[in-house]
Amino acid sequence: RISIWYHSQYILELKQFYMKKNYTDALEHSIFKKVSKVLKQENKQAFVIGGFVRDAILNRASKDIDIVVLGSGIELAEKVAAFVKNASKISIFKRFGTAMFKAGDTEIEFVGARKESYTPDSRNPFVEEGTLEDDQNRRDFTINAMAISLCPDNYGELIDPFEGINDIENLTIRTPLNPDITFSDDPLRMMRAVRFASQLGFEIDDNTFEAITRNKERIKIISSERIADELNKIILSPVPSIGFMLLDACGILEIIFPEFCKLKGVDEYLNQRHKDNFHHTLKVLDNISLKTNDLWLRWAAVLHDIGKPKTKKIINGKWTFHGHEFVGFKMVPNIFRRMSLPLNEKMKYTANLVKLHLRPISLVDDGVSDSAVRRLLFDAGNDIDDLMTLCEADITSKIEEKVKKYLNNFKTVRIKLAELKEKDDLRNFQAPISGKIIMETFNLSPGREVGIIKNKIKNSVIDGIIKNSYEAAYELMIEEADKLGIKVFDLSNEVKPDL
């Protein structure tokens, strides 16, 4: 496969950052001393395992602690919680043999050591009691299979049967056992491998990556909710293009996000070529990730050109994508629905940014009217700053002078927007006359006439024809209703019932 590690400076910085702190420093957390005290009293064994150990070695903060117990995790959790002053109420999951409580902002989960077996059509394992070795064998990756003893006789000892610490030093993702079995048993682990590579800047071991490619079809048994959760974490990683390129290279992206794969490729017609919109979009995503950790603004970057494959045409010998922003806007709800992403204001926000992402550049011309600026402010509302951030991230030219020119253009747009926002207070614009007032004034039901009057008022305010006031809007409402042959509803003419 083609190496995607072109972020050399990023990887160098990671190597310099990781391994700065001895992992035993993490054992200073008071919860571990309390666990060890209970273990001594009860003559039991337990170990902190998984992500907390990995992050302690990587010098990364972690608020989740997993403790594996040789015996009952629920019993140990109850005994330890009694020693923790600020412990929350214990949540017990008998079916899984786990118990969890929070101490401050840290979540501590206790589980009995176990071994697992799987059936081909499910990622839900058959679980039975096991040893620490069994528990480490079932882990997804070597970097997540390390354990630190909390037992009094060898407190702080690292138990690392698969040399996970070496894989951390080498920035490598690798499965403890046969990767084909690991990924076939639980196919979500394939996306977790990509997610860890993207989050941590690690490279997936060749044998492990080849196994992902062989088992890619198994991802189809995973629920869309679990896939979306991993994809969101990839999108939120420091350089999310790494994750997308890995998903594409192994073939999983085509299965879970076919619309994105359709952005790939460059067509040529009479020596005219268009840019590769797949790589352009990934560059936009990386650009915006330097400015924001907002998941939905990053999703807007992912989807901003998603309508281009459906609108690609040759016109007058040149490639065009006219209307791709509107096509993309209409595609967003279906993509969110299929991926089990929220169909609420977050979806509307993302779709609106996709629809508007070409609008700001049209405001660069000095001759542009105030009404055009007002209209963008009205349409973008509180999202105007996010829209400008997206537009600036959309500049991906390799020609430095061209980038400077476009960024200066957007500075001009920001100035225009700021001036008009201050002048007209249209950032939070609400029509002075609502549809409800129109219906009550003329005794109308929801319908075409209400929409005509409401839009006339809105457009007249935006275009500066009338002031943004109730009185001016009311007067225009009466005029427009009269043109439509609608009269004011007079309550005084109603026949009142006898009381």
Side-chain angles (χ1 to χ4, degrees), residues 231-232 234-241 243-244 257 259-260 263 275-309 311 321-333 335-336 339 341-342 344-364 368 372-373 375-398 402-418 420-421 426-428:
L231 191 57
N232 284 341
I234 290 169
I235 290 172
L236 285 172
S237 60
V239 187
S241 63
F244 274 87
F257 200 172
E259 299 93 339
F260 197 83
L263 291 168
K275 64 187 173 187
D276 186 309
N277 289 302
F278 179 86
H279 290 98
H280 162 73
T281 298
L282 292 183
K283 180 59 177 173
V284 174
L285 178 58
D286 284 349
N287 285 347
I288 210 165
S289 298
L290 296 172
K291 301 292 185 181
T292 180
N293 289 320
D294 185 291
L295 174 62
W296 308 110
L297 181 48
R298 291 192 183 197
W299 260 110
V302 171
L303 296 172
H304 80 286
D305 278 348
I306 204 71
K308 279 192 170 180
T311 58
F321 303 92
H322 290 315
H324 75 269
E325 69 275 24
F326 297 107
V327 171
F329 166 73
K330 292 178 181 177
M331 291 172 67
V332 171
I335 292 172
F336 269 52
M339 289 188 168
L341 293 166
N344 54 19
E345 293 305 313
K346 293 169 182 174
M347 182 272 288
K348 293 177 182 176
Y349 162 88
T350 304
N352 201 41
L353 291 186
V354 171
K355 181 174 68 174
L356 297 176
H357 78 273
L358 295 182
R359 289 271 295 279
I361 196 62
S362 66
L363 305 181
V364 171
V368 72
V373 181
R375 196 167 296 280
L376 178 60
L377 280 169
F378 172 77
D379 291 339
N382 284 329
D383 303 330
I384 188 65
D385 292 331
D386 288 350
L387 176 62
M388 294 304 300
T389 300
L390 174 60
C391 291
E392 288 159 351
D394 200 12
I395 304 169
T396 61
S397 174
K398 294 179 181 179
K402 197 172 182 180
V403 172
K404 285 183 180 178
K405 176 184 175 183
Y406 277 108
L407 288 176
N408 285 332
N409 285 344
F410 281 124
K411 283 183 183 178
T412 301
V413 173
R414 282 186 180 273
I415 291 170
K416 287 185 177 183
L417 290 167
L420 212 60
K421 276 191 290 188
L426 277 171
R427 183 189 184 102
N428 299 307

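Nothing fancy with the numbering, it's 1 onward along the sequence. Values below: all heavy atoms of this structure, side chains included; hydrogens, waters and symmetry mates excluded. All figures in this text were calculated on a predicted structure; none of them were measured in a lab.
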Please round to the nearest 0.5 Å and tell me the distance separating atom [atom1] of [X] and atom [atom2] of [Y].
X: Lys355; Y: Leu387; atom1: NZ; atom2: CG; result: 11.5 Å
X: Leu356; Y: Leu390; atom1: CG; atom2: CG; result: 10.0 Å
X: Thr396; Y: Lys402; atom1: OG1; atom2: NZ; result: 9.0 Å
X: Thr350; Y: Leu341; atom1: OG1; atom2: CG; result: 8.5 Å
X: His280; Y: Leu282; atom1: NE2; atom2: CG; result: 10.0 Å
X: Thr412; Y: Leu407; atom1: OG1; atom2: CG; result: 11.0 Å

Closest heavy-atom pair and its distance - [X], [Y]:
X: Ala393; Y: Asn287; value: O-ND2, 3.0 Å
X: Leu285; Y: Pro240; value: CG-CG, 3.5 Å
X: Val403; Y: Ser397; value: CG2-O, 3.3 Å
X: Arg414; Y: Thr389; value: NH2-N, 3.7 Å

Using atom types as modelled, flag every donor-acceptor pair under 3.5 Å from a side chain in residues 322-329 to any protein atom, sequence neighbours excluded.
residue: His324; atom: ND1; partner: Phe321; partner atom: O; Å: 2.9
residue: His324; atom: NE2; partner: Asp305; partner atom: OD1; Å: 3.1
residue: His324; atom: NE2; partner: His357; partner atom: NE2; Å: 3.3

Heavy-atom side-chain proximity of [X] to [Y] below 4.5 angstrom:
X: Ile335; Y: Phe260; answer: no
X: His304; Y: Leu353; answer: no
X: Ile361; Y: Phe410; answer: yes
X: Leu417; Y: Val413; answer: yes

Contacts table for residues 292-302: side-chain donor-acceptor under 3.5 angstrom, sequence neighbours left out:
residue: Thr292; atom: OG1; partner: Asp294; partner atom: N; Å: 2.9
residue: Asn293; atom: OD1; partner: Arg298; partner atom: NH2; Å: 3.0
residue: Asp294; atom: OD1; partner: Trp296; partner atom: N; Å: 2.9
residue: Asp294; atom: OD1; partner: Leu297; partner atom: N; Å: 2.8
residue: Arg298; atom: NE; partner: Thr292; partner atom: O; Å: 3.0
residue: Arg298; atom: NH1; partner: Ile235; partner atom: O; Å: 2.8
residue: Arg298; atom: NH1; partner: Leu236; partner atom: O; Å: 3.4
residue: Arg298; atom: NH1; partner: Ser237; partner atom: O; Å: 3.0
residue: Arg298; atom: NH1; partner: Ser289; partner atom: OG; Å: 3.3
residue: Arg298; atom: NH2; partner: Ser289; partner atom: O; Å: 3.3
residue: Arg298; atom: NH2; partner: Thr292; partner atom: O; Å: 2.9
residue: Trp299; atom: NE1; partner: Asn232; partner atom: OD1; Å: 2.9

(message) Quick check against the 3.5 Å criterion: does Lys416 have a side-chain atom that pairs as donor or acceptor with the backbone of Leu363?
(response) yes
(message) For the backbone of Lys348 and the side chain of Asn352, can you confirm whether one donor and one acceptor N or O come within less than 3.5 Å of each other?
(response) no
(request) Have a look at Tyr349 and tell me which of Asn382, Asp386, Asp383 forms a side chain to side chain donor-acceptor pair (under 3.5 Å) with it. (result) Asp386
